[in-house]
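Here is the structure we will look at.
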Amino acid sequence: MELVGKRWTGAILYVLLHGGRMRFTEIAHAVPDLSDRLLSERMKELESRGIVERHVSDGTPTRVSYELTAKGRELAPAMAELKTWADRWLD
């Protein structure tokens, strides 16, 4: 709960749940007020906890993408419930 409750983490998870494998810039554009520094920090935290998997492609330029692991995808029902609550009670 501590990790998911951190600022911006829920938004990042929501984007990855609906976007599948995404590049860093795609995540940044989907969560516009989030700084690159904080996004990088959150992605490292999520990766270290086994919620997000980082993929590095061979070739030039090197491309890095992220996607949820099975553990991360299991958050989908909880995230859906939070969204339903927020849609009902928050502006």
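Ion pairing between a basic and an acidic side chain is recognised when a charged N comes within 4.0 Å of a carboxylate O; Arg49 and Glu45 show no such pairing.
Note that OG of Ser65 is 8.0 Å distant from CZ of Arg23, once rounded to the nearest 0.5 Å. Expressed to the nearest 0.5 Å, how far CG of Leu13 lies from CZ of Arg73 amounts to 13.0 Å. Between Leu39 atom CG and Lys44 atom NZ the span is 10.5 Å, to the nearest 0.5 Å. Going from atom OG1 of Thr69 over to atom CZ of Arg54 covers 15.5 Å, rounded to the nearest 0.5 Å. Note that CZ of Arg63 and CG of Asp58 are 13.0 Å apart. Values are rounded to the nearest 0.5 Å.
Within a 6.0 Å sphere centred on CD of Glu26, other residues, nucleotides and ligands contribute more than 12 heavy atoms.
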Exercise for the section: Quick one: do Glu53 and Leu68 satisfy side-chain contact (heavy atoms from CB on, under 4.5 Å)? Show the steps, please. Expected result: CA-CA 6 Å; Glu53 187 173 28; Leu68 293 173; over 6 Å; no

Exercise for the section: Apply side-chain contact (heavy atoms from CB on, under 4.5 Å) to Ile27 and Met43, showing your working. Expected result: CA-CA 10 Å; Ile27 300 167; Met43 295 308 291; 4.0 Å; yes

Handout entry: Test side-chain contact (heavy atoms from CB on, under 4.5 Å) applied to Phe24 and Ser40, step by step
Key = CA-CA 8 Å; Phe24 186 91; Ser40 178; 4.2 Å; yes

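The shortest non-hydrogen separation linking Ala28 to Asp36 is CB-OD1, 4.0 Å. A pairwise comparison of heavy atoms in Leu17 and Gly72 identifies CD2-O, 4.4 Å as the closest pair. Nearest heavy atoms, Leu46 versus Thr9: CD2-CG2, 3.9 Å.
The residue from Ile51, Leu38, Leu34, Val52 that alone fulfils the side chain to side chain contact (heavy atoms under 4.5 Å, CB included) condition with Ile12 is Leu34.
Side-chain contact between Trp8 and Asp33 is present, with heavy atoms from C-beta onward closer than 4.5 Å. Residues Met22 and Leu16 have side chains in contact (heavy-atom distance under 4.5 Å, counting atoms from C-beta outward).
In the hydrophobic cluster analysis, where Ile, Leu, Val, Met, Phe, Trp and Tyr join through side-chain heavy atoms closer than 4.5 angstrom, Trp85 is grouped apart from Met79.
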